[in-house]
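Atoms considered below: every heavy atom in the structure, side chains included; atoms not considered: hydrogens, waters and symmetry mates. By convention in this document, chain letters (A, B, ...) are assigned in the order of the sequence lines, proteins followed by strands, and residues within each chain are numbered from 1.
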There are 2 protein chains.
Amino acid sequence: MLTSSQRQLLRAISESGPLTRTEMAQMLGLSKAAMSGIARDLIDLGVLHETEIIYGQGRPSVLLDLHPECAFFVGISLLEDPAPMILSDLNGKIIARQAMPLSRDPKVIAEAISEGLPSLLETHPDAKEKLSGIGVALSGFVDETQAHCVQSTLLNWQDVPLAKIIRERSGIETFIENDAKAVAVSEKLFGSAREIQNFSVVSLGDGIGCAHFIDGRLYRGNHGGAGEIAHCTIEPGGAPCRCGKRGCLDTVASMKAIKEMSRAEGLKCTSLSDIEDEASTGNAAAIRILHRAGSALGLAIANLIQMNDPGLILITHVEGSFEGLFGTVVNQAIETNVLPRYAGQTPIRIKRVDGDVWARGAASIAAHNFLIGSHTS
Amino acid sequence: MLTSSQRQLLRAISESGPLTRTEMAQMLGLSKAAMSGIARDLIDLGVLHETEIIYGQGRPSVLLDLHPECAFFVGISLLEDPAPMILSDLNGKIIARQAMPLSRDPKVIAEAISEGLPSLLETHPDAKEKLSGIGVALSGFVDETQAHCVQSTLLNWQDVPLAKIIRERSGIETFIENDAKAVAVSEKLFGSAREIQNFSVVSLGDGIGCAHFIDGRLYRGNHGGAGEIAHCTIEPGGAPCRCGKRGCLDTVASMKAIKEMSRAEGLKCTSLSDIEDEASTGNAAAIRILHRAGSALGLAIANLIQMNDPGLILITHVEGSFEGLFGTVVNQAIETNVLPRYAGQTPIRIKRVDGDVWARGAASIAAHNFLIGSHTS
DNA sequence: TTGATTTGTTCATTTTCTGAACTTAGTGTC
DNA sequence: GACACTAAGTTCAGAAAATGAACAAATCAA
């Protein structure tokens, strides 16, 4: 078990990248003497290692960084069938990847994970010994201990103690998390939001997910529902949504909605690019659909900016690109719906992600618990 | 200066009310031995005192509570002219109240405060000696050190180091804060949100303000702009707003907007009750106005709930009441725009506040800095 | 009255951090 | 190349904060 100071240090390095001992001492507000000891302990534990030597005036300083292979993590996404299962190191690098059948029965899932583990761990000589946690990403609400799935429509679950079941079957520390929140954590740990304390991730796929980091910590909300942007009412009195109300963002701007609207207009559409292509040739229906979806998403994001004033909005998307009409409309809708004095002040970063997002996010949940712990401040 | 443990303890008592030493030890995760010493020190300092004795099995336990008169605070609201100036104790009780002329010149403000202080402090024998801070509430953006006013349209300020100016002139520790955020802090310290970690305050007056507490701390946002709900677009393409864009919540649901719309319809309206009265007699224009305003506010609050999943929404209002049509429409709009599975899960509390809100909020900023400090976690 | 029970205190010990002096390993200058 | 100069990192004695175990205190229950 790590001490509180050791955790703080790991967190600082995770945010800032490699640091010298003197920098670390300043950041944590500790003396050089104390820092010296903490660093020595973490080096002895194999968690930190010396990397570069920086020459300047005076004695050269030594950069310390996390040792990427001091711990390994397994991430599993329960959002796809078959469910991807990856092995990652402390840098978020994917070392191996395999799949397991998806099930709705928690015990069957635990069994499948346990059976898949040996072959996954075989891919790296140290992985088995240094496996430090399993993370699972799923669609639904998760409690703040990252152990219980409170509710999942997709999996038809109510109060399932999934983490405990997997932990007992596999013997490995396990944490679960909502899909969008897992992606946010992976962006904070491994991605482009490392040093940012307040940011929101909006993940655009078949559905729309969102999660907030506030003051450097994932904000889960009082019932685990923070970031449920998909069911914000964007078109009052609009199309009925599967959630029971009308005009949700999900009914207009999710990929599923875009595809459905296209089909209704007689356009063939298997991905965003299909409609973008149609729109670029001047097809009025395609243009209308993209405008409607883009304006809705932009408005929702603008409202998010107004409400929470994040330091960054990170939009992740799987399909197509943001170079076309859709992206343009989204950006413009954000601009026109944000307080003019603020417009452009909040960076919007677009990131195309691959099929590993969810599994990588899941692994980052385990990594986060290893590095920083869940209940620290 | 207080130690970190002492601060944590004060925070816990401020949230939970009086506690026994054993309860405190459990809450902070400390040993009884450590707690014993910390409590003794704070009692010696006059900050804590023993109140009630609880009899049960075993040795009776002693409740410790904050000593209300261990510190006094001055709160000033720069939102009204003349500017109210109050003296409050650590319970938020207003001990004395006076006023000073409002000015846009920071130096004149500092001067007026310093000149007003002696007569204010005279009202209580200990106040002068135990004055622990001045808090100032204003309309505008404030930096995270609560010292600089980054921008204020109302006062026509840009980067004014108001806290420093007042501190230098008066010799008293001073902090400034945005109006809505100050109200949120006073609700957390003195009001009905004491024990709640995640909540949002929506203050309805001539304008609409909003502020969030997240994980027990005021969330200021990356540019101090968190909670700018008034300029969320609620009616896309709607009425032009003084901020430069269109359809802001402020143009439909603020008291100012309601009054203006009423006037445009030929209704005389000096307060919310006037239109409520008209509506109750069946006046179609009045009903229309209240419906429009109420739906807009309700939608904005519903979106807030979806985005942030707070544990409580506290709506504060000065004029009229929420018993009439307006309140009904607001509540209904919230219900219909929140994910049905969640509807009713987030408590909405309505609170009518008096003319002291802003000044009390200002005082609570000083009290918060005394009790908890600004940069603790 | 006696035992059970739980709060709160005391004190020796451990853990964690600090401050000051010191060592180390370079740069810059003559 | 010898010299001062500079800044990083280490060492070590001592301060500060927390712990654990034993104990004193104050009640209830039988």
Side-chain angles (χ1 to χ4, degrees), chain A residues 1-13 16-67 372-373 375-377, chain B residues 1-13 16-67 372-373 375-377:
Chain A
M1 203 48 194
L2 300 177
T3 69
S4 145
S5 293
Q6 289 175 324
R7 291 228 120 96
Q8 272 184 279
L9 175 56
L10 294 184
R11 172 177 216 156
I13 298 182
S16 318
L19 294 170
T20 69
R21 284 167 241 245
T22 317
E23 287 168 334
M24 291 169 181
Q26 278 176 349
M27 287 182 104
L28 303 198
L30 294 179
S31 64
K32 288 192 297 175
M35 203 63 251
S36 186
I38 295 170
R40 193 194 309 116
D41 293 346
L42 285 172
I43 291 173
D44 290 349
L45 280 170
V47 179
L48 290 185
H49 65 164
E50 304 192 340
T51 52
E52 210 178 324
I53 298 182
I54 308 238
Y55 298 92
Q57 244 180 358
R59 174 172 169 177
S61 53
V62 182
L63 286 181
L64 297 181
D65 198 3
L66 297 172
H67 192 97
I372 291 159
H375 293 282
T376 23
S377 62
Chain B
M1 204 49 193
L2 300 176
T3 68
S4 143
S5 294
Q6 289 174 323
R7 290 229 119 96
Q8 273 185 279
L9 175 54
L10 294 184
R11 173 177 216 155
I13 297 182
S16 319
L19 294 170
T20 69
R21 283 168 243 247
T22 318
E23 287 168 335
M24 292 169 181
Q26 278 176 348
M27 285 182 106
L28 303 199
L30 294 180
S31 64
K32 288 191 298 173
M35 204 60 252
S36 186
I38 294 170
R40 193 195 308 116
D41 293 346
L42 285 173
I43 290 173
D44 289 350
L45 279 171
V47 180
L48 289 186
H49 66 164
E50 304 192 340
T51 53
E52 211 179 325
I53 298 181
I54 308 237
Y55 298 91
Q57 241 181 0
R59 174 172 169 175
S61 53
V62 183
L63 286 182
L64 296 181
D65 199 1
L66 297 172
H67 191 96
I372 292 159
H375 293 282
T376 23
S377 62

*Full working for side-chain contact (heavy atoms from CB on, under 4.5 Å) between B/Asp65 and B/Ile13*: CA-CA 7 Å; B/Asp65 199 1; B/Ile13 297 182; 3.7 Å; yes
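- Here C/dT9 presents its P atom at 11 Å from CG of B/Asp44, a figure rounded to the nearest Å.
- Note: CD (B/Glu23) to P (C/dT6) measures 14 Å, nearest angstrom.
- Going from atom CE of A/Met24 over to atom P of C/dC17 covers 15 Å, rounded to whole Å.
- In this entry the distance linking CD1 of B/Ile54 with P of D/dC28 reads 13 Å, nearest Å.
- Spacing between atom CD of B/Glu50 and atom P of C/dT7 amounts to 15 Å, rounded to whole angstrom units.
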*Mark up nucleotides 23-30 of chain C, 5' to 3', with B wherever a protein heavy atom is under 4.0 angstrom from a base atom, S wherever such an atom reaches only the sugar-phosphate, and - elsewhere.*
BBBBS---
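- Taking CD from B/Gln8 and CZ from B/Arg11, the interatomic distance works out to 8.5 Å, rounded to the nearest 0.5 Å.
- Here CG of A/Leu10 is found 9.0 Å from CE of A/Met24. Values are rounded to the nearest 0.5 Å.
- Side-chain contact between B/Met1 and B/Gln6 is absent, with no heavy-atom pair separated by less than 4.5 Å.
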Under 3.5 Å, sequence neighbours excluded: what are the donor-acceptor pairs made by side chains of residues 32-49 of chain B?
| from | atom 1 | to | atom 2 | distance (Å) |
| --- | --- | --- | --- | --- |
| B/His49 | ND1 | B/His67 | ND1 | 3.2 |
| B/His49 | NE2 | B/Leu66 | O | 3.4 |

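- B/Leu64 contributes atom CG, which lies 12.0 Å from atom CD of B/Glu52 (distance to the nearest 0.5 angstrom).
- Whole-Å rounding puts the A/Arg21 CZ to D/dA7 P distance at 19 Å.
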_Sugar-phosphate or base contact per nucleotide [nucleotides 14-23 of chain D; S, B, -; heavy atom under 4.0 Å]_ = ---SSBB---
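- In this structure the side chain of A/Met27 reaches within 4.5 angstrom of the side chain of A/Ser16, judged on heavy atoms.
- When all heavy atoms of A/Ile53 and A/Pro60 are compared, the closest pair comes out as CG2-CB, 3.6 Å.
- Rounded to a whole Å, the CE atom of A/Met1 is 17 Å from the P atom of C/dT15.
- Between B/Ile43 atom CD1 and C/dG8 atom C1' there is a gap of 11 Å when expressed in whole angstrom units.
- Distance check, rounded to the nearest 0.5 Å: CG of B/Leu9 to CZ of B/Arg7 gives 12.0 Å.
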